[in-house]
Amino acid sequence: MKMILRSGLTMQLFTKLKFKKLGTSLYDILGVAFLALLIGYPILALLLQIVFPNLYSVHMSLAPSLASLKEVFTDKENLNAVLNSIFIGAAGTLAASIIGTLIAFAAEEQSGFMRSFIDALVWLIFFLPSYIVAEGWVMFMQDGGILAQLLKLSNGWSSWFFSRWGVILIMGFSYFPYVYFSMQQGIRNVNSDLIKAGRLAGGSRVQVFRKIVLPLLTPSLLAGASIAFAEAFGDFGLPAALMDQTQLSLLPYQIYVSLGQSPVNYPAAACLSFLVIIISAGAILLQFFWMRRKDYSTVLARKDSVNFVKRKNLLLTTGSFFILSISLLVPLGSTVIASLWKVWANGLSFGNWTFENYSKALKIGSAGVNALGSSLEYALVVAVLTMILGVILAYQMSFKKSAVTSFLNILTMSVIAVPGIVLAAAFVFAWNGVWLIPLNLVLYGTPICLGLAFMATYLPYSIRLQLGAMGQLPLNLIKAARVQGAGEIVVLRKIILPLVAGTAISTFFMTFTKIIFELPASMLLYPPGNPTFSVTIQHYFSESHWSKGSALSVIGLVILLAAYSLGRYLMEHFSKKGKGLEENPELESAQDPVLLSNGEVIL
């Protein structure tokens, strides 16, 4: 009898354990299925278009062919777009690397308020949308523009600027923050003993800097430069803003042209998108390859809080503030000035200043207010969903290790490297297929499609940030809650969420502020007759309605700054509450394995 009872209890326990394990797997599978549908399916649809060029034709055909990939290199316009993007992206990255490095060294010379001030200026430049920056430069440098009116310059004086060299200059001023952030930390991590050894060996400051400091900063420089190149190469906003003035064909804009022409050239758009992914990923892989060639470790002895640029270089400081002023004040100042002009041609004359553009922009029922309201709706809904899903999926990936969660980890990391215009093009392919018509699932041209594209763009960032926050959580808190019988929902609501609330708030506001000015997905996917805020701004600029576009841009930037400030306040508030919960001594748990009454084993 005892043997039968023991056998029955064993089978019952085995059944419960197996059921619980299956349940956990089902949660994992649901997470993978959601991300696969949201992200994996559009990317796969884009790649399939390359192999099956007639997949999206009215008369669909599954006949494979790589002819469309070959046509990219035989079509003169497409080939020029590829070559221009590689050259301008590389040159713009070089300019950004030089500027970012110089400003990083200048910031390290400073302390207190001055260093914080430089950081604040760099962050402001970082947050400005690239197409707003580009349009600001256009208004400042074009014939009859702000500078021409101020200095009475004749037409044609700025023709040099509206060429590839001007685009490279704007890229350098726009993307140097990536290099700055990377180099700033690298400079602080350089070992002071190595600097002292070089000086004791008779090396001059220049020799020590060139032969010791710069080689040790190679990892930071390559990291920042590779990100800057990927951003510059795949950015859609900047070429969209400069296309009318420069007539330069760049790869991201050529993708948009291929999808906007009639008939739509799906094969060209897919192949060009594939090239963007390959070249952008190649830049990052090149960085990894270079890093494996040498050892850049500097932890040889003690490491002081070193500042090997203690002697302030007046020329470096002055030059850095000059560059920061140009990078920020030219685009932002031009936008503010243009928003206050009645008539563009009258320019700086005394009677040409007005707030009328703002009153028109904020008039109820106007195109600007409708577009702003639409973007705010998208931003609010998508930000809430990405915040919630980011917490759930990050929790799943952090505390439920399996092959499935490892796949989720790789998927979210990979999608971050996909430029926005490519992901938007992938949604055109994914939700416009002929096979979707019988299922009533043709979402292209609907608000749902654009909302999903926004979510696919920013959900991976939310997950990655939440993973970083959850990686610092003590596992004992989770164990203690489960020992007391808490289920998954209770653990998430009462333990995980309070501890990562600061990060969750930051992901909400990151998504919210980004969507307001998001351009690539908006341009390709907005519902007909219901343009978003960014599309409306770009439409005004493209039709030379500089004052209207500038007024809307300033209004959007004010909203962005207000949302960012609110987000910072809430993030700090909830982070303090979460820290208090984490330090609660009552939430301690034994390290021994525990078998719960429902059959779950806690290790």
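Just so you know, these numbers use all the heavy atoms, side chains as well, and skip hydrogens, waters and symmetry mates.
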**Request:** Using salt bridge (charged side-chain N to carboxylate O under 4.0 Å, His left out) as the criterion, list what pairs up with R568, not counting sequence neighbours.
**Result:** E572

**Trace of the side-chain contact (heavy atoms from CB on, under 4.5 Å) decision for F454 with Y378** = CA-CA 8 Å; F454 286 149; Y378 282 117; 3.9 Å; yes

Are the side chains of [Y] and [X] in contact, using a 4.5 Å heavy-atom criterion?
X    : Y    : result
S542 : D244 : yes
I537 : F517 : yes
V276 : L272 : no
Y180 : F126 : no
L459 : T511 : no
M141 : W160 : yes
L79  : T74  : no
R464 : M397 : yes

Which atoms form the tightest heavy-atom contact between [X] and [Y], and what is the distance?
X    : Y    : answer
A228 : V179 : CB-CG2, 4.4 Å
S182 : G224 : OG-N, 3.6 Å
L259 : A425 : CD1-CB, 3.8 Å
S158 : D143 : OG-OD1, 3.9 Å
A134 : A241 : CB-CB, 3.6 Å
L525 : C449 : CD2-SG, 4.1 Å

Fit a plane to each ring of [X] and [Y], take the angle between them on a 0 to 90° scale, and name the class: parallel (under 30°), tilted (30 to 60°) or perpendicular (over 60°).
X    : Y    : result
F508 : F512 : parallel
Y253 : F236 : parallel
W431 : Y41  : perpendicular

**Prompt:** Between E109 and R115, does at least one N-O distance fall below 4.0 Å, as a salt bridge requires?
**Reply:** no

**Asked** Who are the side-chain contact (heavy atoms from CB on, under 4.5 Å) partners of V381, not counting sequence neighbours?
**Response** L385

Donor-acceptor pair, [X] side chain versus [Y] backbone, under 3.5 Å?
X    : Y    : result
Q247 : M243 : yes
S375 : F533 : yes
S374 : T532 : no
T513 : M510 : yes
S226 : A283 : no
S339 : V336 : yes
Q110 : M114 : no
T101 : I98  : no
Q49  : A270 : no

Before we go on, tell me: are the rings of [X] and [Y] under 6.0 Å apart, centre to centre?
X    : Y    : value
W123 : F181 : yes
W137 : F162 : no
Y564 : F509 : no

**Asked** Between the side chains of D235 and Y131, is a donor N or O closer than 3.5 angstrom to an acceptor N or O?
**Response** no

**Item:** Pair Q254-S249, side-chain donor/acceptor within less than 3.5 Å
**Value:** yes

Find the distance between [atom1] ([X]) and [atom2] ([Y]) and round it off to the nearest 0.5 Å.
X    : Y    : atom1 : atom2 : value
T335 : L552 : OG1   : CG    : 11.5 Å
L389 : S462 : CG    : OG    : 8.0 Å
L238 : M171 : CG    : CE    : 5.5 Å
S220 : Q184 : OG    : CD    : 10.5 Å
T457 : L423 : OG1   : CG    : 4.5 Å
L121 : S325 : CG    : OG    : 7.5 Å

**Message:** Within a 6.0 Å radius of atom CH2 on W165, are there more than 12 heavy atoms belonging to other residues, nucleotides or ligands?
**Reply:** no

**Message:** Heavy-atom count check: over 12 atoms from other residues, nucleotides or ligands less than 6.0 Å from F117 CZ?
**Reply:** no

**Pair F229-F233, ring pair (Phe, Tyr, Trp, His ring centres under 6.0 Å): steps then yes or no** = CA-CA 6 Å; F229 176 81; F233 185 78; 5.5 Å; yes

**Message:** Using the rule given for side-chain contact (heavy atoms from CB on, under 4.5 Å), can you reason through Y266 versus N432, listing the C-alpha separation, both sets of side-chain angles and the distance that settles it, and then say yes or no?
**Reply:** CA-CA 11 Å; Y266 287 117; N432 197 33; 2.8 Å; yes

**Prompt:** Under the side-chain contact (heavy atoms from CB on, under 4.5 Å) criterion, do T507 and T386 qualify, and how do the steps go?
**Reply:** CA-CA 8 Å; T507 60; T386 53; over 6 Å; no

**Message:** Against W546, only a single residue in F541, W341, Y540 fulfils side chain to side chain contact (heavy atoms under 4.5 Å, CB included); can you say which?
**Reply:** F541

**Request:** Answer yes or no for K70 and F274: cation-pi contact, defined as NZ/CZ to six-membered ring centre under 6.0 Å and angle to ring axis within 45°.
**Result:** no

**Prompt:** What's the verdict on side-chain contact (heavy atoms from CB on, under 4.5 Å) for F176 and S97, showing C-alpha distance, side-chain angles and the deciding distance?
**Reply:** CA-CA 6 Å; F176 79 83; S97 300; over 6 Å; no

